[in-house]
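Reading through the structure tokens given below for one structure.
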Amino acid sequence: MNTKYRKTIIAGNWKMNMLASDVKPFVDELKTYLPKTRSCDTVLCVPAVNICSMLKYGKEAKIICGAQDVSEHDKGAYTGDISAAQLNDIGVKYCIVGHSERRAYYAEGDLKVNAKVKKLLENKIHPIICVGESLEQREKNLTMSHINYQIRAALSGIELSELRHCVIAYEPIWAIGTGKTATSEQAQEVCCEIRAIIREMYGARPARSISILYGGSMNAKNAAELLAQPDVDGGLIGGASLKPADFAEIIKATGADNE
Ligand code: PGA
């Protein structure tokens, strides 16, 4: 982390877990573990049907509500989709885009990811743009070229003034939900490279101020070490965000209470 230049963000990704009726008990329990002040933004990206409950109950605990996906279209005949305007209308502030599960199971390509990033920005929602390599790509030494491609594609046509609303999440696919975390060196190496790509695209200042998160089996035990890396500005947390005690430990691992 580098709290002088950028925001630390701990974002949970509940994926397709939890009921709307689980939200209040979750937040009530989480509150009992949290310090009074926090040095990070705490975001929970919940299933669409849980958003209203999270907005209602999460507020007092300073939980910022996020979504997990958005339509690349403005409105119309897209059964099942939810638009960025609809998310913004109810108070959603962050939205995950291009998660590897959506890329894999819903054939979400880089063009679509880029279109979604644009819609979110148009509607004043911070996109959390996920990038990451497969195990095969890592083994073939293709990690950096793959990340480079994904970042440039996701940010294609994004103005400098819009970039400051974007968050990047480096999530190696082989580390997601596997219990196999990237080492802090691996996380730092790629997050540092992502910052270098942003520097090339937008210049030194924007690169210095963009928050880059690590995701992939981050938990209460390994969070402090990962967050101690200079280019890791927070976490995108799946499994461990479902347990209030674990999620609170990760929040506490961001350190000093200087909100
Ligand atoms: P995980 O998921 O923490 O369960 O590995 C992370 C993610 O998919 O965002």
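Keep in mind that the numbers below use all heavy atoms, side chains included, and drop hydrogens, waters and symmetry copies. Both counts, for ligands and for their atoms, begin at 1 and track the order of listing. Since we're looking at a predicted model, the values are computed, not measured.
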- Message: Give the residues near ligand 1 by chain and number, with the criterion being a heavy-atom distance under 4.0 Å.
- Response: Asn13, Lys15, His99, Glu171, Ala175, Ile176, Gly177, Gly216, Ser217, Leu236, Ile237, Gly238, Gly239
- Geometric class of the Phe247/Phe26 ring pair [parallel <30°, tilted 30-60°, perpendicular >60°]: tilted
- Message: The criterion is salt bridge (Lys or Arg N to Asp or Glu O under 4.0 Å); which residues satisfy it with Lys93, sequence neighbours excluded?
- Response: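 Result, salt bridge (Lys or Arg N to Asp or Glu O under 4.0 Å) vs Lys93: none returned.
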- Item | By salt bridge (Lys or Arg N to Asp or Glu O under 4.0 Å) - contacts of Lys56 (at least two apart) | none
- Share the residues that join Val43 in a hydrophobic cluster, the rule being Ile, Leu, Val, Met, Phe, Trp or Tyr side chains under 4.5 Å apart at the heavy-atom level. Ile9, Ile64, Tyr94, Ile96, Ile128, Val167, Leu213, Leu236
- Side chains of Glu133 and His146: donor-acceptor distance under 3.5 Å anywhere? no
- Between the side chain of Asn88 and the main-chain N/O of Lys124, is any donor-acceptor distance below 3.5 Å?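 Between the backbone of Lys124 and the side chain of Asn88 there is no qualifying donor-acceptor contact (under 3.5 Å).
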